[in-house]
Undergrad: 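Handing you this structure, nothing more for now.
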Amino acid sequence: ETLPLAAMEAMQFGHALDRILREILLADPAHGPVQLLKVDISDGFYRINLNIDDIPKLGVAFPTKPGEEKLVAFPLVLPMGWKNSPPIFSTGTETAADLANQRLAARVHPAPHRLDDAAETVPSPPPDRVAIKSILKAPKKQVGTAVPTTRDPSLPTRRRAATYIDVFVDDFVALAQQPGNGRRVRRILMHAIDDVFRPLDELDDEFRREPISLKKLLKGIGRAAFNVAGAARRATPVQSHAIALSKKVKSRVNLMRGVHDSLEDFRWLLNDIKRRPTRIAELVPLLAAAEGHHDASGTGAGGVWFPAKHLVPRRAGVLSSMDAEQADRFVRDLGAAKATIAAGVSVGRAKAAETVWEIWQRYCSELGIDPFLEAKTKYQSYKSSHSEYALENLTCGQPPSRPRSIAWKKRDPPPHRVKPLPVQVIRRMANVAMHSRFERTKAVADMTILAFFFLLRPGEYVDTNSESTPFKIEDVNFYIGDTWINPATASEQQLLAATRVTLTFTTQKNGVRGEIIGLCTSGDPIMCPVRAAIRRVLYLRRNGAPVGTPLGRVFPEVGETKADRLQPKHITAAIRDAVKFYGTDLGFLPEDVSARSLRAAGANDLLSSWADRAS
């Protein structure tokens with residue numbers, strides 16, 4: 001009975017702690033310590049009313065004694081246990097957090113809130129400050145690296161004090177810097193909560209409570225009282241699990257070899273956790289410090305890496321800070337170390353691992369020139385018989401009698417490689433299409449799913465005007481178990497019952513002509529290659545499309561005159577819109593991805609799932 005209409009993507013609380021720790025790490029200490037405060041929603045799911053017509057569907061029959069009147073309870077608000085309650089409630093709390101962050105960014109100065117006095121209440125009795133200070137001043141045995149006293153210079157600097165609000169289901173967490181800024185942040189948050197969850201008024205009865213939990217406010221939880229230091233709190237999960245085990249298990253426990261091994265692993269983890277505090281910087285993934293490329297096999301592109309543009313250099317280069325004699329000794333020692341490492345493997349393996357820089361060094365050594373090209377003695381340009389290749393700025397005398405085959409293209413542009421898409425981006429596109437009334441949006445989502453699962457290039461699933469043609473209706477076959485069903489004549493019920501889909505390669509670029517590749521249902525009603533193919537075939541059949549019609553064809557809608565050919569630009573636009581929805585959490589920008597990212601995304605997902613590469 002439950003339709004999938006709730007916004008599942010609203011349940012973003014799984015990464016709330018990650019986002020909060022990231023804001024703490026990036027906060028500039030020049031603006032003072034980071035303070036945290038917490039605001040709870042009272043009564044949770046019961047704050048959102050149900051549609052009146054849907055109330056009977058969620059009624060619950062109460063057991064009664066024989067002869068007693070039958071009782072049925074009808075919930076007027078979101079009930080516990082219903083699959084749509086968490087995403088619907090999270091939509092409300094995430095909306096309040098979004099409103100609050102928008103007002104923080106706009107530097108809004110809010111009016112006083114009616115619960116200010118309760119939020120600033122000091123708990124009674126007050127905590128034993130003397131005892132707390134004695135604990136904080138007690139000497140601690142520091143093992144390992146000391147707590148850093150200066151901020152990492154490679155972290156980005158912020159001109160404004162940190163202000164941020166996040167939510168974990170019904171628990172709002174806010175952070176602020178600078179004295180007095182915590183009150184402003186708290187007021188903005190509480191006003192945003194009032195805008196989403198109706199506050200009390202004079203018409204409410206005595207049983208309705210404030211949406212903001214007064215019980216927690218009066219305990220002092222709403223005060224910005226938690227200063228964050230440079231180290232995260234340590235945990236000892238082994239001890240708590242051991243206590244729980246001793247209380248729950250009343251019989252003897254057979255300590256087999258596997259149990260002893262597991263306990264030994266937990267002892268090692270406990271000792272490692274106790275060795276030193278865990279730094280927040282070790283928990284927060286930042287933008288990559290170096291950028292390189294490799295394919296799905298994991299083999300790098302020749303060992304070439306480039307520093308990211310956002311990095312701030314810690315110090316000058318090693319060689320540039322040395323005199324000539326020191327630099328020469330450093331290069332010789334480094335070369336000797338590499339030679340020793342190479343001697344430990346076979347000759348073939350050593351040559352395979354040789355980097356472009358090592359090849360360049362060997363070539364310069366043969367010519368007797370400086371590999372850094374810093375000795376400006378003479379300018380030479382060597383060109384081979386192919387005019388597009390040249391090696392310039394060499395500092396030796398006469399060019400060799402015969403052009404060398406090792407050379408670089410004079411004006412090669414850097415390769416532009418797209419990044420693989422995370423699965424949540426494709427799921428976002430599918431969810432948008434499911435609620436859209438535009439057929440092209442639905443076609444884009446379905447063809448994106450097929451490209452992801454079948455590892456297709458753009459020319460194999462959309463129209464690119466190239467030698468590779470997209471798959472057509474006649475290239476698709478469905479099966480129920482091992483029984484083939486004809487896509488052209490089968491009923492809709494038969495198609496919807498299909499458990500496997502196959503694609504026959506004809507003129508597609510990456511397949512052998514006549515090769516058939518099949519996939520089964522994924523178990524997901526949306527992210528499934530079988531369901532996506534069924535939706536495309538049913539749509540084309542309803543519009544009377546012949547068997548030679550591409551799967552991505554979209555027929556004219558109201559106000560249009562001709563069918564629309566699905567092209568890579570449509571896929572790219574939809575992908576980038578979905579990436580914009582997630583903001584910077586994905587670690588890359590919308591322009592870093594395109595229709596070509598789907599093939600890499602599928603291959604990357606196979607690699608991370610340990611799929612057999614030979615298959």
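Values below: every heavy atom of this structure, side chains too, minus hydrogens, waters and symmetry copies.
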Undergrad: Are the side chains of L99 and I193 in contact, using a 4.5 Å heavy-atom criterion?
TA: no

Undergrad: Between side-chain atoms of residues 526-536 and protein atoms elsewhere (two or more places apart, or another chain), which donor-acceptor pairs fall under 3.5 Å?
TA:
unit_1 : atom_1 : unit_2 : atom_2 : d
R531   : NH1    : A498   : O      : 3.4
R535   : NE     : D446   : OD1    : 2.9
R535   : NH2    : D446   : OD1    : 3.0
R535   : NH2    : I526   : O      : 3.4
R536   : NE     : L551   : O      : 2.9
R536   : NH2    : L551   : O      : 3.2
R536   : NH2    : R553   : O      : 3.1

Undergrad: CG of L76 to CD1 of I52: how many Å apart, nearest 0.5 Å?
TA: 9.0 Å

Undergrad: Sequence neighbours excluded, which residues qualify as side-chain contact (heavy atoms from CB on, under 4.5 Å) partners of A595?
TA: P458, Y461, P568, I571, T572

Undergrad: If you look at every heavy atom in F172 and A97, which pair is closest and at what distance?
TA: CE2-N, 3.9 Å

Undergrad: Under the rule for ring-ring contact (aromatic ring centres under 6.0 Å, His included), what residues qualify as partners of Y539, not counting sequence neighbours?
TA: none

Undergrad: Kindly state each residue pair satisfying ring-ring contact (aromatic ring centres under 6.0 Å, His included) with at least one member in residues 5-25, sequence neighbours excluded.
TA: F13-F168

Undergrad: Are V547 and K472 side-chain neighbours, meaning at least one heavy-atom pair lies under 4.5 Å?
TA: no

Undergrad: Keeping S597 on the side-chain end and V593 on the backbone end, is there a donor-acceptor pair under 3.5 Å?
TA: no

Undergrad: May I ask you to decide if G481's main-chain N or O and T499's side chain share a donor-acceptor pair within less than 3.5 Å?
TA: yes

Undergrad: Work out which heavy atom in A100 is nearest to a heavy atom in I188; give both atom names and the distance.
TA: O-CG2, 3.6 Å

Undergrad: Can you find a heavy atom in the side chain of T163 that is under 4.5 Å from one in the side chain of L175?
TA: no

Undergrad: Is there a side-chain contact (heavy atoms from CB on, under 4.5 Å) between R500 and F478? Walk through the geometry before answering.
TA: CA-CA 6 Å; R500 185 161 63 97; F478 296 101; over 6 Å; no

Undergrad: Could you tell me which non-hydrogen atom of A445 sits nearest to which non-hydrogen atom of A430, and how far apart they are?
TA: CB-CA, 4.1 Å

Undergrad: If you apply the rule side-chain contact (heavy atoms from CB on, under 4.5 Å), what do you find for T504 with E515, and how did you get there?
TA: CA-CA 6 Å; T504 303; E515 184 181 21; over 6 Å; no

Undergrad: So, do P86 and M11 sit near enough that their side-chain heavy atoms are less than 4.5 Å apart?
TA: yes

Undergrad: Report yes if some heavy atom in the side chain of R541 is under 4.5 Å from a heavy atom in the side chain of L495; otherwise report no.
TA: yes

Undergrad: Give the minimum heavy-atom separation between L456 and F505, together with the two atoms involved.
TA: CD2-CZ, 4.5 Å

Undergrad: side-chain contact (heavy atoms from CB on, under 4.5 Å) between V579 and L586: does it pass, once the steps are laid out?
TA: CA-CA 8 Å; V579 172; L586 297 177; 4.0 Å; yes

Undergrad: State the CG-OG1 distance between L540 and T549, to the nearest 0.5 angstrom.
TA: 6.5 Å

Undergrad: Can you check whether R19 reaches Y164 side chain to side chain, under 4.5 Å on heavy atoms?
TA: yes

Undergrad: Mind checking whether L17 and L21 have side chains closer than 4.5 Å, heavy atoms only?
TA: yes

Undergrad: Is the backbone of A545 close enough, under 3.5 Å, to the side chain of N543 for a donor and an acceptor to pair up by distance?
TA: no

Undergrad: Rounded to the nearest 0.5 Å, how far apart are CG of D54 and CH2 of W82?
TA: 6.5 Å

Undergrad: Given L78 and L50, is the side-chain contact (heavy atoms from CB on, under 4.5 Å) satisfied, shown in steps?
TA: CA-CA 6 Å; L78 289 179; L50 286 175; 3.9 Å; yes

Undergrad: Test your reading of the model: is there a side-chain donor-acceptor pair from N101 to the backbone of I165, 3.5 Å cut-off?
TA: yes

Undergrad: Do L598 and T448 make a side-chain contact, defined as non-hydrogen atoms from C-beta onward lying under 4.5 Å apart?
TA: yes

Undergrad: Looking at H570 and Q567, would you say the former's side chain and the latter's main chain have a donor-acceptor pair under 3.5 Å?
TA: yes

Undergrad: Output side-chain donor-acceptor pairs under 3.5 Å for residues 420-429, partner residues at least two apart or in another chain, one line each.
TA:
unit_1 : atom_1 : unit_2 : atom_2 : d
R427   : NH1    : D524   : OD2    : 3.0
R427   : NH2    : D524   : OD2    : 2.9
R428   : NH1    : E9     : OE2    : 3.1

Undergrad: Mind jotting down which residue pairs meet the side-chain hydrogen bond (donor to acceptor under 3.5 Å, both in side chains) criterion with at least one end in residues 479-488? Sequence neighbours excluded, please.
TA: N477-W484

Undergrad: In Å, rounded to the nearest 0.5 Å, how long is the span from CG of L503 to CZ of F453?
TA: 13.0 Å

Undergrad: Which pair of non-hydrogen atoms, one from T91 and one from A7, has the smallest distance, and what is that distance?
TA: OG1-CB, 4.1 Å

Undergrad: Is the side chain of S436 donor-acceptor paired with the backbone N or O of F438 at a distance under 3.5 Å, no angle test?
TA: yes

Undergrad: Sub-3.5 Å donor-acceptor pair from the side chain of E23 to the main-chain atoms of I20, do we have one?
TA: no

Undergrad: Just verifying a value: how many Å separate L455 CG and L450 CG, rounded to the nearest 0.5 Å?
TA: 12.0 Å

Undergrad: If I take atom CZ from residue F45 and atom CD1 from residue I88, how far apart are they, to the nearest 0.5 angstrom?
TA: 9.5 Å

Undergrad: Decide, yes or no, whether a salt bridge links R576 with D592 under the criterion of side-chain N to carboxylate O below 4.0 Å.
TA: no

Undergrad: Verify, without hydrogens or angle tests, whether T93 (side chain) and V169 (backbone) share a donor-acceptor contact under 3.5 angstrom.
TA: yes

Undergrad: Spell out, as yes or no, whether a donor-acceptor pair under 3.5 Å connects the side chain of T502 to the backbone of I517.
TA: no

Undergrad: On a heavy-atom basis, which atom in I55 and which in P75 lie closest, and how many Å separate them?
TA: CG2-O, 3.3 Å

